[in-house]
Asker: 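Okay, here's the structure, questions in a sec.
All ligand and atom numbering here is 1-based and tracks the order in the structure. Here the structure is a predicted model, which means the values were calculated and not measured. Basis for what follows: all heavy atoms, side chains included, without hydrogens, waters or symmetry-related copies.
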Amino acid sequence: MDTLELLKSRRSIRKYKSTPVEEEKIQKCLEAAQWAPSASNKQPWEFMIVTDTEFRKKMAAVHPYAKFITESPVVFVPLTDPRIHADYHQSDTALATMQFMIMAHSLGLGTCWAGVINKSLIENEIKQMLNIPEKLRVLALVAVGYPDHSRTSSRKSLDSLVHYETY
Ligand SMILES: Cc1cc2nc3c(=O)[nH]c(=O)nc-3n(C[C@H](O)[C@H](O)[C@H](O)COP(=O)(O)O)c2cc1C
């Protein structure tokens with residue numbers, strides 16, 4: 001599959017098979033995240049992989065839009081460190097997360113990003129649950145697993161978005 005096809009065919013997957021995800025695939029996704037670009041190459045991120053059923057159920061219970069993480073055998077939890085780069089910790093870690101998701105898609109896995117708002121009650125509860133150090137932030141809960149449905153999506157037209165030279 002060429003790169004544009006790969007990018008266009010990735011969908012947010014909200015139904016998963018119970019088939020376990022191979023450890024080698026998770027390692028490849030983590031490596032893809034590790035090699036994301038970051039401002040001044042500061043890499044202000046850490047990554048958690050959560051497979052424990054109880055943790056997944058508890059996280060789903062505190063996040064109103066992430067019920068599917070009870071089904072996905074794996075949850076990728078990208079953490080950001082504002083002490084490493086106060087201005088760019090979130091955008092850098094979002095890039096790493098996207099690289100994880102694209103790699104996962106290329107390996108036949110589905111993902112869905114469930115956003116976690118900075119300093120929200122949800123973030124605090126997840127931090128306590130997973131014993132995440134106070135100074136780190138939770139960027140998202142990303143479901144990972146074999147898709148059990150297929151979806152379509154749409155995008156705004158490029159004509160309505162792109163400006164050449166001046167606005
Ligand atoms: C920052 C961010 C937060 C998101 N939060 C949620 C969420 O809480 N729950 C959910 O089901 N999907 C969430 N999504 C997935 C979007 O709904 C999805 O990417 C969008 O509808 C486009 O669909 P597609 O990914 O299949 O192309 C989030 C995506 C992003 C980038």
Side-chain angles (χ1 to χ4, degrees), residues 1-18 21 25 29-30 32-33 35-39 44-51 53 55-82 85-130 132 136-162:
M1 199 188 291
D2 78 10
T3 307
L4 184 58
E5 247 341 282
L6 182 79
L7 294 169
K8 286 172 77 171
S9 60
R10 181 212 51 81
R11 292 280 70 78
S12 292
I13 297 300
R14 300 184 180 92
K15 289 183 195 298
Y16 292 90
K17 295 183 173 151
S18 56
V21 177
K25 290 195 176 182
C29 294
L30 288 168
W35 279 92
S38 60
W45 49 57
E46 292 187 37
F47 308 128
M48 294 184 75
I49 297 290
V50 181
T51 57
T53 310
F55 280 140
R56 289 190 287 112
K57 276 188 191 159
K58 282 185 188 167
M59 287 193 285
V62 299
H63 194 301
Y65 308 112
K67 298 303 163 225
F68 43 84
I69 64 174
T70 58
E71 266 184 34
S72 69
V74 177
V75 183
F76 171 60
V77 186
L79 306 176
T80 83
D81 192 335
H85 208 310
D87 295 329
Y88 288 120
H89 63 106
Q90 287 169 307
S91 51
D92 287 346
T93 308
L95 294 174
T97 305
M98 193 63 221
Q99 294 211 165
F100 183 107
M101 291 167 65
I102 296 296
M103 188 74 225
H105 176 48
S106 79
L107 297 170
L109 295 166
T111 58
C112 188
W113 178 316
V116 174
I117 295 171
N118 199 7
K119 297 183 178 168
S120 60
L121 192 61
I122 296 173
E123 188 194 30
N124 277 340
E125 295 201 50
I126 291 165
K127 280 171 76 168
Q128 277 183 12
M129 221 176 270
L130 301 181
I132 296 167
L136 301 182
R137 302 256 189 281
V138 179
L139 184 72
L141 306 175
V142 182
V144 186
Y146 285 98
D148 202 21
H149 68 163
S150 59
R151 295 192 48 251
T152 56
S153 192
S154 61
R155 291 297 185 266
K156 295 175 185 175
S157 77
L158 276 183
D159 282 351
S160 69
L161 303 171
V162 180

Asker: Given the rule in the side-chain contact (heavy atoms from CB on, under 4.5 Å) test, do L141 and V116 qualify, once you have shown the distances and angles that lead to the verdict?
Answerer: CA-CA 7 Å; L141 306 175; V116 174; 4.0 Å; yes
Asker: Give me the residue, atom name and distance of the protein heavy atom closest to atom 23 (O) of ligand 1.
Answerer: S153 OG, 3.6 Å
Asker: Hey, are the side chains of P78 and W113 touching, using non-hydrogen atoms and a 4.5 Å cut-off?
Answerer: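 With C-beta onward as the side chain, the pair stays apart.
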Asker: Report the residue from T80, N118, D81, T93 that forms a side chain to side chain donor-acceptor pair (under 3.5 Å) with R137.
Answerer: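 It is N118, the one option of T80, N118, D81, T93 that forms the side chain to side chain donor-acceptor pair (under 3.5 Å) with R137.
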Asker: Note the single closest protein heavy atom to atom 12 (N) of ligand 1, along with its residue, its atom name and the distance in Å.
Answerer: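 Ranked first by proximity to atom 12 (N) of ligand 1 is R14 NH2, 3.1 Å.
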Asker: G115 to ligand 1: N or O pair under 3.5 Å?
Answerer: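 By distance alone, the answer is yes.
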Asker: If the plane angle is over 60° it's perpendicular, under 30° parallel, otherwise tilted; pick one for F47 and W45.
Answerer: parallel
Asker: Can you name the atoms of ligand 1, numbered from 1 with element, that are less than 4.0 Å from a heavy atom of R151?
Answerer: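 Taking each heavy atom of R151 in turn, ligand 1 has 26 (O) under 4.0 Å.
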Asker: Considering non-hydrogen atoms of the protein only, which is the closest contact for atom 26 (O) of ligand 1, and what is the distance?
Answerer: S12 N, 2.7 Å
Asker: Does A66 come within less than 4.0 Å of ligand 1, judged by its heavy atoms?
Answerer: no
Asker: Would you mind running through ligand 1 and noting each atom that sits below 4.0 Å from a heavy atom of Y65?
Answerer: 7 (C), 8 (O), 9 (N), 10 (C), 11 (O)
Asker: Is there a side-chain contact between L130 and M59 (heavy atoms, below 4.5 Å)?
Answerer: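 Counting from C-beta outward, L130 and M59 do come under 4.5 Å.
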Asker: Verify the contact flag for atom 20 (C) of ligand 1, where contact means a protein heavy atom under 4.0 Å away.
Answerer: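 False for atom 20 (C) of ligand 1.
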Asker: Minimum heavy-atom separation for G115 to H63, with atom names?
Answerer: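 Smallest heavy-atom distance, with atoms named: O-NE2, 2.7 Å.
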Asker: I need the contact type for A140 against ligand 1. Using non-hydrogen atoms and a strict under-4.0 Å cut-off, is it side chain, backbone, both or neither?
Answerer: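 The answer is neither; A140 stays 4.0 Å or more away.
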Asker: Around atom 4 (C) of ligand 1, find the nearest protein heavy atom and jot down its residue, atom name and distance.
Answerer: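 Protein heavy atom at minimum distance: W113 O, 3.4 Å.
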Asker: For a 4.5 angstrom cut-off between non-hydrogen side-chain atoms, does F100 reach V144?
Answerer: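 Yes, at least one pair of side-chain atoms sits under 4.5 Å.
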Asker: Using heavy atoms and a threshold below 4.0 Å, how should the contact between M101 and ligand 1 be classified: side chain, backbone, both, or neither?
Answerer: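 For M101, there is no contact with ligand 1 at all, from either part.
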Asker: Are more than 12 heavy atoms, taken from residues, nucleotides or ligands other than K8, located less than 6.0 Å from that residue's NZ atom?
Answerer: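 No - once you tally the heavy atoms of other residues, nucleotides and ligands closer than 6.0 Å, there are 12 at most.
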